[in-house]
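Please read the structure below before turning to the comments.
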4 protein chains.
Amino acid sequence: MTNNHAPDDTDTTTLTIDEGSVPAPSKRRLESRRRILAAARQLFVERGYHGTRPQDISKAAGVGHGTFYLHFADKLECFLAFAEEASKELEMFGEQHHTHEAQTLKEGVHEILSVIFNYSEENPGVLAAAMTDINVLATEEMDMPMPDQRWAEQWGDNVKEWQAKGEVAADIDPLFAGHVLLGMIRQVGSYGARAETTKEEVLEKLTQAMIRMLTD
Amino acid sequence: MTNNHAPDDTDTTTLTIDEGSVPAPSKRRLESRRRILAAARQLFVERGYHGTRPQDISKAAGVGHGTFYLHFADKLECFLAFAEEASKELEMFGEQHHTHEAQTLKEGVHEILSVIFNYSEENPGVLAAAMTDINVLATEEMDMPMPDQRWAEQWGDNVKEWQAKGEVAADIDPLFAGHVLLGMIRQVGSYGARAETTKEEVLEKLTQAMIRMLTD
Amino acid sequence: MTNNHAPDDTDTTTLTIDEGSVPAPSKRRLESRRRILAAARQLFVERGYHGTRPQDISKAAGVGHGTFYLHFADKLECFLAFAEEASKELEMFGEQHHTHEAQTLKEGVHEILSVIFNYSEENPGVLAAAMTDINVLATEEMDMPMPDQRWAEQWGDNVKEWQAKGEVAADIDPLFAGHVLLGMIRQVGSYGARAETTKEEVLEKLTQAMIRMLTD
Amino acid sequence: MTNNHAPDDTDTTTLTIDEGSVPAPSKRRLESRRRILAAARQLFVERGYHGTRPQDISKAAGVGHGTFYLHFADKLECFLAFAEEASKELEMFGEQHHTHEAQTLKEGVHEILSVIFNYSEENPGVLAAAMTDINVLATEEMDMPMPDQRWAEQWGDNVKEWQAKGEVAADIDPLFAGHVLLGMIRQVGSYGARAETTKEEVLEKLTQAMIRMLTD
DNA sequence: TATGAATGAGCATTCATTCAT
DNA sequence: CATGAATGAATGCTCATTCAT
């Protein structure tokens with residue numbers, strides 16, 4: 001599980017000429033990783049974690065099977081990188097579509113949900129795949145924070161802010177509410193997939209439900 | 001996927017007065033199945049679907065490998081039987097703890113949640129395991145209704161009844177609400193496992209959240 | 001392979017009241033064996049030796065799985081009994097359709113082939129299944145005479161008789177000719193199955209070919 | 001059943017001048033396949049199809065279990081490759097030992113039989129194993145032409161040519177004769193194995209029998 | 001840095017046979 | 001004499017990972 005590989009290639013900002021220790025990842029290397037992650041995303045979404053083999057990912061990425069392990073210690077690490085990427089992407093997506101700072105609770109909830117729904121529309125299945133309960137994945141260890149834990153915490157932080165502004169009932173436990181809200185969002189995907197309805201309708205219903213839950 | 005293992009269903013040309021045609025499964029057979037299902041439950045809960053091998057189940061059940069396949073066509077069928085059993089059990093559990101018919105929304109929600117929480121306390125992890133998103137399990141087939149779909153629908157039915165009594169806001173879509181409520185419950189398990197809190201506290205918080213969500 | 005079972009039930013003629021040693025097989029026992037063999041024949045023909053499980057045979061025969069082993073030491077013994085039965089049946093079939101004793105070579109060959117062809121028409125696939133090369137079946141042992149060896153020898157005996165009458169060239173080795181004739185018959189089944197032709201046509205062609213081969 | 005193992009056939013977006021597009025299999029890969037096929041041949045001959053496990057083949061070939069499936073989709077595909085190889089080999093063997101073009105029927109038959117007998121002497125059991133009735137092997141599918149069908153057709157073609165030269169009776173159906181000749185050859189192996197005789201003797205006898213059968 | 005052939009422990013499943021009833 | 005549940009060694013095959021090139 002520990003990454004005993006080549007230097008971590010997240011810091012892409014180093015422009016210094018190789019000072020000795022951490023050589024800047026070559027263009028080729030980054031390109032490989034990008035292709036692998038893109039392929040992994042598609043396959044994890046389409047077939048799920050257990051239905052996707054590293055071989056499939058490598059093949060879809062157009063690289064050799066060994067190259068996969070040049071970038072990820074194992075399959076799980078690759079999945080987590082995918083989930084991380086999706087999370088970051090959603091965050092960026094939110095920042096880009098963020099409109100006005102000071103907003104009412106209703107506006108705030110609606111905007112966040114809009115971001116999630118729009119992202120899901122553009123990237124169908126990605127969030128569901130990334131939220132795959134990790135205890136389904138790994139039998140052991142699992143000390144690392146799971147994506148859905150982080151998301152629940154983020155929702156909790158939002159609730160806390162709204163609470164500070166007096167828009168959310170004071171007797172609500174923010175972290176608890178964060179989990180509940182996340183749960184609502186997760187399961188709603190299942191509803192949307194089966195009921196004949198539109199994204200907008202679901203969005204409105206969910207916004208209303210959340211508001212009601214959060215206010216007295 | 002269909003269980004063609006059950007007592008022989010071919011031409012039973014018995015001339016006896018049809019006492020049921022399908023000879024009652026022998027005690028031994030039933031006992032085997034019971035043991036296997038009990039072992040399966042424990043292992044699916046402890047290690048998850050993919051972490052559990054038919055071999056492990058057989059061993060834990062104290063039967064031979066082949067006996068497993070005498071009762072279940074394959075691993076997935078065994079898992080579904082486990083999920084079904086859990087569902088039935090929860091239902092029976094509810095019926096046994098059901099107290100008074102006519103109840104307010106708050107009493108109703110609280111009671112149902114109590115049942116779920118108490119069942120989960122007696123059978124830790126069982127509901128979570130049984131709700132394992134089956135599309136994580138089988139990429140194909142899956143025409144059969146998934147446990148969580150059924151549960152969402154049941155919650156939806158409850159909401160509809162409360163709505164009829166005027167206790168739930170009229171503008172709420174019952175099926176949608178059913179999904180949302182199920183989502184809340186599922187995720188709350190994750191909260192309860194991590195936050196330092198008591199079952200009672202979580203129960204109270206969740207009841208309150210649900211009530212707020214359902215009323216105007 | 002050795003039959004360490006109940007007394008061999010071929011001698012059905014004993015009418016004596018149990019004199020102590022070889023109790024007459026009960027009606028029930030014989031009926032069981034008959035049913036099993038009938039089922040075995042059908043399945044060996046339809047699915048081949050390796051495609052047929054003792055369980056399948058028992059089920060088709062409407063008896064318990066254990067009953068199979070009451071009559072046959074193992075699957076191979078059952079197959080050999082089936083082959084033996086087919087052989088006997090063909091012989092009886094021949095005797096019943098046997099018309100006139102003194103016959104020319106052409107008449108003789110034609111008659112024997114007629115018997116075989118007619119039997120095959122009434123019992124499609126049985127001879128082919130019974131002739132299954134036994135080295136395909138058992139990896140070891142195989143000291144017992146295989147059905148096709150016996151048939152080759154029978155053809156050889158026929159050739160010898162015709163030779164004695166001066167109808168077959170004197171320089172022909174009867175046993176060799178027996179094998180060759182058997183080979184012709186076996187492969188012709190494959191021809192008949194694929195070429196669009198009638199049984200009669202094939203019969204005529206084969207008779208002609210055999211006659212030519214045997215005469216100078 | 002199709003071999004999707006061969007070097008990657010997906011989008012090879014190489015811009016190089018198409019030198020074959022499918023990268024030539026590496027030496028190592030070819031060597032592995034060769035070793036596996038060699039081991040498979042020996043084991044199929046010695047123990048038959050059902051007596052040979054992929055595991056045995058891999059072990060005998062000195063490669064890992066998985067390597068077997070890198071080259072063959074399953075056991076049956078491996079067997080068919082073996083049969084195909086034997087067929088090709090026999091053909092090449094024939095071409096190498098082919099002496100003079102214009103030949104009488106007797107010379108022609110004798111030469112072909114010589115080739116087969118000599119090949120069988122150098123490769124004992126190979127032809128018999130390769131001719132294993134495939135319907136004994138696969139109950140389903142089997143659209144591909146079986147080795148023995150092809151051989152019967154080849155013999156048929158030979159008969160047709162001889163017929164054109166007027167050396168074979170005009171009233172003979174070439175394809176029918178092809179099957180009959182193949183049948184003779186197949187069964188003769190069984191005779192040769194049991195009767196105490198020499199290869200040369202059998203060859204002479206069989207040549208004579210075939211000639212007689214084909215001429216008026 | 002990249003490759004892809006090779007690996008072998010591991011998996012789900014089968015089936016000829018046994019034995020308690 | 002009959003039953004059918006039980007057995008477990010064996011089978012065909014997979015797949016995450018390694019390593020020589």
Side-chain angles (χ1 to χ4, degrees), chain A residues 6 25-29 31-32 50 52-59 63-76 78, chain B residues 5 7-8 23 25-33 50 52-59 62-76 78, chain C residues 6 25-29 31-32 50 52-59 63-76 78, chain D residues 5 7-8 23 25-33 50 52-59 62-76 78:
Chain A
S26 72
K27 250 185 196 165
R28 201 177 170 200
R29 179 174 173 85
E31 171 66 6
S32 275
H50 288 286
T52 303
R53 294 143 43 195
Q55 294 203 29
D56 300 328
I57 297 174
S58 304
K59 192 170 184 176
V63 303
H65 305 150
T67 308
F68 180 91
Y69 290 92
L70 243 40
H71 294 278
F72 303 102
D74 53 27
K75 192 174 135 177
L76 182 55
C78 176
Chain B
H5 303 285
D8 238 68
S26 70
K27 241 181 202 167
R28 200 173 171 209
R29 185 180 171 88
L30 283 173
E31 171 66 8
S32 274
R33 191 188 153 95
H50 289 287
T52 303
R53 292 146 38 197
Q55 194 180 142
D56 301 329
I57 297 175
S58 304
K59 193 170 189 177
V63 302
H65 304 74
T67 307
F68 179 90
Y69 291 94
L70 225 51
H71 294 276
F72 302 103
D74 52 27
K75 190 176 141 180
L76 181 54
C78 177
Chain C
S26 71
K27 248 186 198 165
R28 201 175 169 202
R29 179 175 172 86
E31 172 65 7
S32 275
H50 288 287
T52 302
R53 294 145 42 194
Q55 295 204 27
D56 301 328
I57 297 173
S58 305
K59 192 171 185 177
V63 303
H65 305 150
T67 308
F68 180 92
Y69 290 92
L70 242 41
H71 294 278
F72 304 103
D74 53 27
K75 191 174 133 175
L76 182 55
C78 176
Chain D
H5 302 285
D8 239 68
S26 71
K27 240 181 202 168
R28 199 171 171 211
R29 185 180 171 89
L30 282 173
E31 172 66 8
S32 273
R33 191 186 153 95
H50 289 286
T52 302
R53 292 144 41 195
Q55 195 180 142
D56 301 328
I57 297 175
S58 304
K59 193 169 188 177
V63 302
H65 304 73
T67 307
F68 179 90
Y69 291 94
L70 225 50
H71 294 277
F72 303 103
D74 53 26
K75 190 175 141 181
L76 181 55
C78 177

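Note on naming: letters A, B, ... go to the chains in the order of the sequence lines (proteins, then strands), and numbering restarts at 1 for each one.
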Rounded to whole Å, the CG-C1' distance (Asp56(C) to dG4(F)) equals 15 Å
Whichever of Gly62(B) and Arg53(D) has the more 5' nearest nucleotide on DNA chain F, that residue is Gly62(B)
Separation between CD (Gln55(B)) and CZ (Phe68(B)), nearest 0.5 Å, reads 11.5 Å
Which of dA6(F), dT14(E), dT17(F) is nearest the side chain of His65(B)? It is dT14(E)
note: Lys27(B), atom NZ; dT3(F), atom C1'; distance rounded to Å ~ 18 Å
Contacts of Gln55(D) and Ser32(C) projected onto DNA chain F by closest heavy atom; the upstream (5') one is Ser32(C)
Note: for Thr52(B) and Phe68(C) on DNA chain E, the residue whose nearest nucleotide lies more 5' is Thr52(B)
Margin query: Considering every strand and a 4.0 Å limit on heavy-atom distances, what is the contact class for Pro54(A): base, sugar-phosphate, or nothing?
Written below: base
All stems that DNA chain F takes part in, i.e. 3 or more consecutive Watson-Crick or G-U pairs with distances under 3.5 Å, are E:2-21 with F:2-21
So CD1 of Ile57(D) and NE2 of His65(D): to nearest 0.5 Å the spacing works out to 11.5 Å
Closest to the side chain of Arg29(D), out of dA5(E), dT7(E), dC1(F), is dA5(E)
Leu70(D) CG to dG8(E) P, in whole Å, measures 13 Å
Heavy-atom closest pair (His50(D) atom, Lys75(D) atom, distance to 0.1 Å) is CA-NZ, 4.1 Å
From the candidates dA5(E), dG12(F), dT1(E), the one with an atom nearest any side-chain atom of Tyr69(D) is dG12(F)
Looking only at dT13(E), dA16(E), dA2(E), the nucleotide nearest the Thr67(A) side chain is dA2(E)
CZ of Phe72(A) to CG of Asp74(A), rounded to nearest 0.5 Å, is 10.5 Å
Taking dT17(F), dA5(E), dT7(F) as options, the one with an atom nearest any side-chain atom of Arg28(D) is dA5(E)
Taken to the nearest whole Å, CD1/Ile57(D) to P/dT11(F) is 12 Å
From NZ of Lys59(C) across to P of dT3(F) the rounded distance in Å is 15 Å
Just to be sure I understand the rule, does Ser58(B) reach a base, reach only the sugar-phosphate, or reach nothing, if contact means heavy atoms closer than 4.0 Å?
nothing
When rounded to the nearest 0.5 Å, the distance separating CZ of Arg29(D) from OG1 of Thr67(D) is 10.5 Å
**Report entry** His50(C) side-chain N/O to dC15(E) phosphate OP1/OP2 under 4.0 Å
**Finding:** no
Rounded to whole Å, the NZ-C1' distance (Lys75(C) to dC15(E)) equals 8 Å
Of the candidates dA2(F), dT18(F), dC13(F), the side chain of Asp74(D) sits closest to dC13(F)
